[in-house]
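Note sheet for the following structure.
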Amino acid sequence: MKIEHLGLFVADLEAAKDFYTKYFDGQAGPKYHNPRTGFSSYFINLAEGARLELCHKADLPQVATERLGLAHLAFSLGSKEAVDAKVKELRAAGCDLLSGPRITVDGYYEAVVTDLEGNLLELTI
């Protein structure tokens with residue numbers, strides 16, 4: 001069994017699509033839109049089969065970052081150098097660095113950054 005995809009609600013669907021395709025080498029599928037419900041989404045296909053569904057609905061309330069539910073998205077980049085380079089690239093794009101890069105107590109080399117909407121992204125080897 002594997003996780004087929006994760007869904008993430010975003011305020012700016014087009015900007016989120018551009019972010020994840022540009023910085024995480026994702027390939028966007030066609031935009032889905034249901035005019036009856038106002039729901040729209042893109043599936044972003046990532047390397048090695050993972051998919052991220054970026055979802056938007058105009059009338060959803062904003063929520064705090066720390067809450068029950070999805071805590072972060074983790075991306076395995078393959079090396080310390082790749083993590084360091086991605087942190088530098090994302091900071092230049094306006095993303096906040098929240099921690100790291102560092103070796104955690106449990107031995108992971110990681111950094112935690114936000115995407116452009118404040119969602120937490122964990123970058124690891």
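- Side-chain contact check for Asn119 versus Phe19: every heavy-atom pair is 4.5 Å or farther apart.
- Atom OG of Ser41 and atom NE2 of His5 lie 8.0 Å apart (nearest 0.5 Å).
- Going from atom NZ of Lys17 over to atom CG of Asp12 covers 10.5 Å, rounded to the nearest 0.5 Å.
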Under 3.5 Å, side-chain donor or acceptor atoms of residues 22-32 against the rest of the protein: list the pairs with distances, not counting sequence neighbours.
residue: Lys31; atom: NZ; partner: Glu14; partner atom: OE2; Å: 3.3

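- Between the NE2 atom in His56 and the CZ atom in Phe9 there is a gap of 9.5 Å [rounded to 0.5 Å].
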For residues 43-51, dump all side-chain donor-acceptor pairs below 3.5 Å to protein atoms at least two apart in sequence or in another chain.
residue: Arg51; atom: NE; partner: Glu4; partner atom: OE2; Å: 3.0
residue: Arg51; atom: NH2; partner: Glu4; partner atom: OE1; Å: 3.3
residue: Arg51; atom: NH2; partner: Glu4; partner atom: OE2; Å: 3.0

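- Listed here is the closest heavy atom pair of Val10 and Leu13: CG2-CA, 3.8 Å.
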Name every donor-acceptor pair, under 3.5 Å, that has one atom in a side chain of residues 75-85 and the other anywhere in the protein, sequence neighbours excluded.
residue: Ser76; atom: OG; partner: Ile125; partner atom: O; Å: 2.6
residue: Ser79; atom: OG; partner: Ala82; partner atom: N; Å: 3.0
residue: Asp84; atom: OD1; partner: Tyr109; partner atom: OH; Å: 2.6
residue: Asp84; atom: OD2; partner: Tyr109; partner atom: OH; Å: 3.4

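- Every residue two or more places apart in sequence or in another chain was checked for a side-chain hydrogen bond (donor to acceptor under 3.5 Å, both in side chains) with Thr124, and none qualifies.
- No donor-acceptor distance shorter than 3.5 angstrom exists from the side chain of His72 to the backbone of Leu121, with no hydrogens or angles considered.
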Side-chain polar contacts of residues 88-105 - donor-acceptor pairs under 3.5 angstrom, sequence neighbours left out - could you list them?
residue: Glu89; atom: OE1; partner: Lys86; partner atom: NZ; Å: 3.0
residue: Thr104; atom: OG1; partner: Asp106; partner atom: OD1; Å: 2.3
residue: Thr104; atom: OG1; partner: Tyr108; partner atom: N; Å: 3.1
residue: Thr104; atom: OG1; partner: Tyr108; partner atom: O; Å: 3.4

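- With sequence neighbours left out, the side-chain hydrogen bond (donor to acceptor under 3.5 Å, both in side chains) criterion links Glu117 to no other residue.
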